[in-house]
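These notes concern the structure reproduced below.
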Amino acid sequence: MTQLSVDLYQSSTDPQKFLALPAGTDPAEVTGPMVFDQDYAQVVRYQQAFEFDPSESYAGVNAAKIAADILTVKWSTYHREPVPKGGGRQG
């Protein structure tokens with residue numbers, strides 16, 4: 001799978017929850033995540049135009065699931081799990 005350029009947002013109410021959107025997408029126009037979890041109603045930009053490689057290992061996240069979600073429904077939510085020492089890249 002090729003790299004995806006995504007904007008990452010962090011929940012204002014739960015700093016372990018993140019929203020990934022295709023780069024340039026306005027999170028105010030995406031209502032799906034808020035239907036499932038109100039923690040995504042208020043988000044702040046965490047990283048812009050992150051070059052996301054679904055085949056890489058990222059600290060505490062399931063990269064393949066995030067990529068599949070973005071390609072099918074145009075957004076993905078994830079909860080960053082604690083990383084054991086020597087874990088993968090931060091994203």
Side-chain angles (χ1 to χ4, degrees):
M1 192 176 281
T2 61
Q3 287 189 340
L4 302 171
S5 184
V6 298
D7 291 338
L8 302 175
Y9 294 86
Q10 186 174 31
S11 169
S12 296
T13 55
D14 185 342
Q16 296 302 312
K17 291 183 178 180
F18 292 85
L19 171 65
L21 300 171
T25 301
D26 181 354
E29 295 176 4
V30 180
T31 58
M34 290 62 101
V35 170
F36 299 104
D37 189 334
Q38 282 298 307
D39 284 332
Y40 295 105
Q42 294 181 15
V43 294
V44 293
R45 183 176 293 146
Y46 180 76
Q47 194 164 0
Q48 185 174 6
F50 178 71
E51 292 301 318
F52 180 75
D53 186 342
S55 64
E56 267 194 55
S57 176
Y58 293 91
V61 300
N62 182 337
K65 181 189 178 313
I66 292 170
D69 288 349
I70 289 172
L71 292 172
T72 56
V73 295
K74 305 297 184 219
W75 55 268
S76 182
T77 60
Y78 63 97
H79 186 270
R80 186 161 48 192
E81 300 297 329
V83 182
K85 273 195 156 182
R89 271 178 63 182
Q90 288 291 97

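All values below come from the heavy atoms of this structure, side chains included, with hydrogens, waters and symmetry mates left out.
Under the 30°/60° scheme for interplanar angles, the aromatic rings of F36 and W75 are found to be tilted. Using the six-membered ring where Trp is involved, Y46 and F18 have ring planes that are perpendicular, over 60° apart on the 30 and 60° scheme.
From S5, atom OG reaches atom CZ of F52 across 11.5 Å, with rounding to the nearest 0.5 Å. Taken to the nearest 0.5 Å, the NE2 atom of H79 stands 5.0 Å off from the CG atom of D14. Taken to the nearest 0.5 Å, the CD atom of Q16 stands 7.5 Å off from the CD atom of Q10. Residue M34 holds its CE atom at 10.5 Å from CD of Q42, rounded to the nearest 0.5 Å. Distance CD/E56 to CD/E51: 11.5 Å, rounded to 0.5 Å.
When side chains are defined from C-beta on, Y9 does not count as touching Y40, because their heavy atoms never get closer than 4.5 Å. Contact annotation: the side chain of P22 approaches that of I70 to within less than 4.5 Å [non-hydrogen atoms, C-beta and beyond]. Residues K17 and D37 form a side-chain contact, since some pair of their non-hydrogen atoms from C-beta on lies under 4.5 Å apart.
Taking both residues in full, the closest heavy atoms of I66 and A20 are given as CG2-CB, 4.1 Å, listed atom of the first, atom of the second, then distance. Heavy-atom minimum distance, T2 versus P54: O-CD, 3.5 Å.
At a threshold of 4.5 Å between side-chain heavy atoms, the hydrophobic network of Ile, Leu, Val, Met, Phe, Trp and Tyr places L21 and L8 in two separate groups. There is no path of hydrophobic side-chain contacts, each under 4.5 Å, that joins L71 to V30. A single hydrophobic cluster is seen to contain both L4 and V61, as judged by linkage of ILVMFWY side chains at heavy-atom distances under 4.5 Å, directly or through other members.
Remark: the S76 side chain and the D69 side chain contain an N/O donor-acceptor pair separated by less than 3.5 Å.
In this structure, the ring of Y58 has its center no less than 6.0 angstrom from the ring center of Y78.
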